[in-house]
> 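Got a structure for you, questions after.
Since the model is a prediction, treat every value here as computed from it, not as a measurement.
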Amino acid sequence: MEKQACIFVAGDDTVAGAAILELLHTQGYCNLLGRSPAGPDLINAIDVNTFFAEAHPEYVFLAAGRSGGIHLNRTCPADLMLDNLRVTTNVVSAAHRYGTRKLLYLASSCAYPKNAPQPLAVDSLMTGFLEPTSEAYAMAKLAGWQLCTAFRRQYDARFITAFTANAFGPHDDYGPDSGHVIPALIRRAHEAKLRDEPALTVWGTGTPRREFIYARDLADACVFVMQHYDETAPINLGIGSDLSIGETARAVADAVGYRGEILYDPTKRDGARLKRLDSSPLRAMGWRPTSDFHDALVATYRWFLENELTRMNRPASAAV
C-alpha cells in the first residue's frame, strides 16, 4: 500500500476498525476514509454505492458488522446475522463494482466448528457444527468469507479473509450484557470497585479458555497481511496463547484495581471449551505481537475511564 493510496476502513467505530484507522494514521497514510461522520450507512446499499462511486477507495479493510458476547448472541441472533450480512454484501459488491484493488474481510474465530481440533486451523472451517450460542453470527461471518472467495474465483478480485482471535481495546462495547468477555468484565469490575463489593460473579464456570488479542496488535496484523498476503485460503490472526476465563477475570480485576473475590455462576452457559487459532502461517511470514497483556488491559481501562464513562454519564440533551 502506497502512503498516498485511498484507504477505506469500513467499521471504524468497532474495536478492530478504530485501531486500524489509528495505526494507518500513525504510519503516515494520508488519504484515509472512515465510516463517520462523512462515511456511508453500511447497511444501506444506495449509500454504500454512492460512497464508492465518489471516493473510489483503492484498499478496503472490512471490519464492520455488529457483534457481542454470549448474552447478545442468545437474545439477538437475527439482528446480528442480518446486520453482518447486509454490511458485507453491500461493501464487497461495491468494492468490486468500483475497482477496489484489494479488500481484507475480518471474520471471527467463533465461525470455527464447535468440536474442531485445537489449535483451530483454516482447513477445519465448515467441517462440523457451530457453537449454538453464536451460530447465527458465525454463519454470517462464514457467508462473508465465501462471498469474498466467490468474487476472487469469478472475477479474480484480490479479496482476502482473516479469522481473528477475540479482540479487546479502545472503542469496544462495554455493556455488561452486550459486550464481549474483556470489555464486559472491565465495566463490571469497575462498578464493583466503586461500590466496594466483596465479590464479582462471572458467568459460567471460569474454565473455558480463550485467545485474546489487543486491538493495536490486531491492527498491525491486518496491515501486515494487506501488504504481504494474497491467497484464496483465509489466514488466522492470533497471538498463539490462551487464558481461562477465570484467569482473564483476575487479570482484569488487577488492571482495574478491584481486590474482591472472583466467584462463578455455573448456571450460565460457558460456550466453547477452548478457542485458540493456529496462526503459524502468519508467524512464518514474520509477524509477531508486541503488546504485554497486563499493559494492554491497563490501557484499555484508561480509555474506558476517559471516554466510555464520559459518554454514559453525559446528559441526554448534551449527547445529541
Side-chain angles (χ1 to χ4, degrees), residues 1-3 5 7 9 11-30 32 34 59 61-63 67 102 104-109 119-122 160-172 174 180-183 185-186 209-230 234-244 247-256 275-307:
M1 285 189 304
E2 306 80 8
K3 297 295 184 181
I7 303 171
V9 180
D12 74 323
D13 54 348
T14 66
V15 61
I20 292 170
L21 196 62
E22 180 180 343
L23 179 62
L24 290 170
H25 178 74
T26 61
Q27 290 183 344
Y29 292 91
C30 56
L32 302 175
Y59 297 91
F61 292 86
L62 180 42
S67 66
K102 192 172 184 181
L104 170 61
Y105 170 70
L106 294 187
S108 168
S109 61
L120 300 167
V122 296
I160 61 174
T161 298
F163 286 81
T164 74
N166 292 352
F168 70 96
H171 301 278
D172 215 334
Y174 292 87
H180 288 284
V181 175
I182 287 180
L185 282 172
I186 286 175
R209 304 187 69 84
R210 296 290 182 268
E211 180 181 15
F212 298 103
I213 184 169
Y214 186 44
R216 177 60 185 253
D217 285 333
L218 177 57
D220 189 60
C222 289
V223 173
F224 182 87
V225 298
M226 179 68 92
Q227 294 172 326
H228 300 291
Y229 188 77
D230 195 14
I235 188 169
N236 286 332
L237 306 183
I239 63 171
S241 61
D242 56 82
L243 294 169
S244 73
E247 292 168 334
T248 305
R250 186 69 266 170
V252 168
D254 290 344
V256 170
K275 284 198 301 184
R276 179 159 59 89
L277 297 174
D278 176 7
S279 299
S280 56
L282 178 65
R283 295 179 70 86
M285 294 169 60
W287 184 85
R288 298 290 187 278
T290 60
S291 301
D292 173 79
F293 185 62
H294 174 75
D295 292 345
L297 288 177
V298 171
T300 302
Y301 180 51
R302 186 182 305 117
W303 188 94
F304 169 80
L305 293 176
E306 295 173 353
N307 296 272

> Indicate yes or no for a side-chain donor-acceptor contact from D217 to the backbone of P289 under 3.5 Å, with no hydrogens or angles considered.
no

> Check whether any side-chain heavy atom of I7 lies under 4.5 Å from a side-chain heavy atom of L24, and answer yes or no.
yes

> Who passes ring pair (Phe, Tyr, Trp, His ring centres under 6.0 Å) against H25, sequence neighbours left out?
none

> Is the shortest heavy-atom distance from the side chain of Y174 to the side chain of N307 under 4.5 Å?
no

> Would a distance-only check, ignoring hydrogens and angles, find a side-chain to backbone donor-acceptor pair under 3.5 Å from E211 to K275?
no

> Do D220 and T290 have side-chain heavy atoms sitting under 4.5 Å apart?
no

> Can you measure from OG1 (T300) to CG (D295) and round to the nearest 0.5 angstrom?
10.5 Å

> Just jot down the ring pair (Phe, Tyr, Trp, His ring centres under 6.0 Å) partners of Y59, sequence neighbours excluded, or say none.
none

> When you compare the side chain of Q27 with that of V223, does any pair of heavy atoms fall below 4.5 Å?
yes

> Look up atom CG in L62 and atom OH in Y105, then write down how far apart they are to the nearest 0.5 Å.
6.5 Å

> With rounding to the nearest 0.5 Å, note down the distance linking CZ in F61 to NZ in K102.
9.0 Å

> Can you check whether L218 reaches L237 side chain to side chain, under 4.5 Å on heavy atoms?
yes

> Would you call the rings of F224 and H228 parallel, tilted or perpendicular, where under 30° means parallel and over 60° means perpendicular?
tilted

> Step by step, would you call F163 with L120 a side chain to side chain contact (heavy atoms under 4.5 Å, CB included)?
CA-CA 10 Å; F163 286 81; L120 300 167; over 6 Å; no

> State, to 0.1 Å, how close Y229 and P234 come at their nearest heavy-atom pair, and which atoms those are.
OH-O, 3.7 Å

> Measuring from R209:CZ to T248:OG1, what's the distance to the nearest 0.5 Å?
8.5 Å

> Side-chain atoms of residues 276-286: list all donor-acceptor pairs with protein atoms under 3.5 Å, sequence neighbours left out, distances to 0.1 Å.
{"from": "R276", "atom 1": "NE", "to": "D242", "atom 2": "OD2", "distance (Å)": "2.7"}
{"from": "D278", "atom 1": "OD1", "to": "S280", "atom 2": "N", "distance (Å)": "3.1"}
{"from": "D278", "atom 1": "OD1", "to": "S280", "atom 2": "OG", "distance (Å)": "2.7"}
{"from": "S279", "atom 1": "OG", "to": "G238", "atom 2": "N", "distance (Å)": "2.9"}

> Could you tabulate the donor-acceptor pairs under 3.5 Å formed by side-chain atoms of residues 14-21, not counting sequence neighbours?
{"from": "T14", "atom 1": "OG1", "to": "G11", "atom 2": "O", "distance (Å)": "2.7"}
{"from": "T14", "atom 1": "OG1", "to": "G17", "atom 2": "N", "distance (Å)": "3.0"}
{"from": "T14", "atom 1": "OG1", "to": "A63", "atom 2": "O", "distance (Å)": "3.1"}

> Of all residues at least two apart in sequence or in a different chain, which pass the salt bridge (Lys or Arg N to Asp or Glu O under 4.0 Å) check with R250?
D254

> Is the F293-F168 ring centre distance short of 6.0 angstrom?
yes

> Say you draw a straight line from CZ of F212 to NE2 of H180; how long is it, rounded to the nearest 0.5 Å?
10.5 Å

> Less than 4.5 Å apart, side chain to side chain, heavy atoms only: is that true for I235 and V122?
no

> Who pairs with D292 by salt bridge (Lys or Arg N to Asp or Glu O under 4.0 Å), at least two apart in sequence or on another chain?
none

> Please tell me if the side chains of F304 and V256 come closer than 4.5 Å, counting only heavy atoms from C-beta onward.
no

> Between Y214 and A299, which heavy-atom pair has the shortest distance, and what is it?
OH-CB, 3.6 Å

> Does L106 reach the side chain of C222, with side-chain heavy atoms less than 4.5 Å apart?
yes

> Answer with yes or no whether the side chains of W303 and D172 bring together a donor and an acceptor at under 3.5 Å.
no

> If you draw a 6.0 Å radius around CD in E247, do more than 12 non-hydrogen atoms from other residues or ligands fall strictly inside?
yes

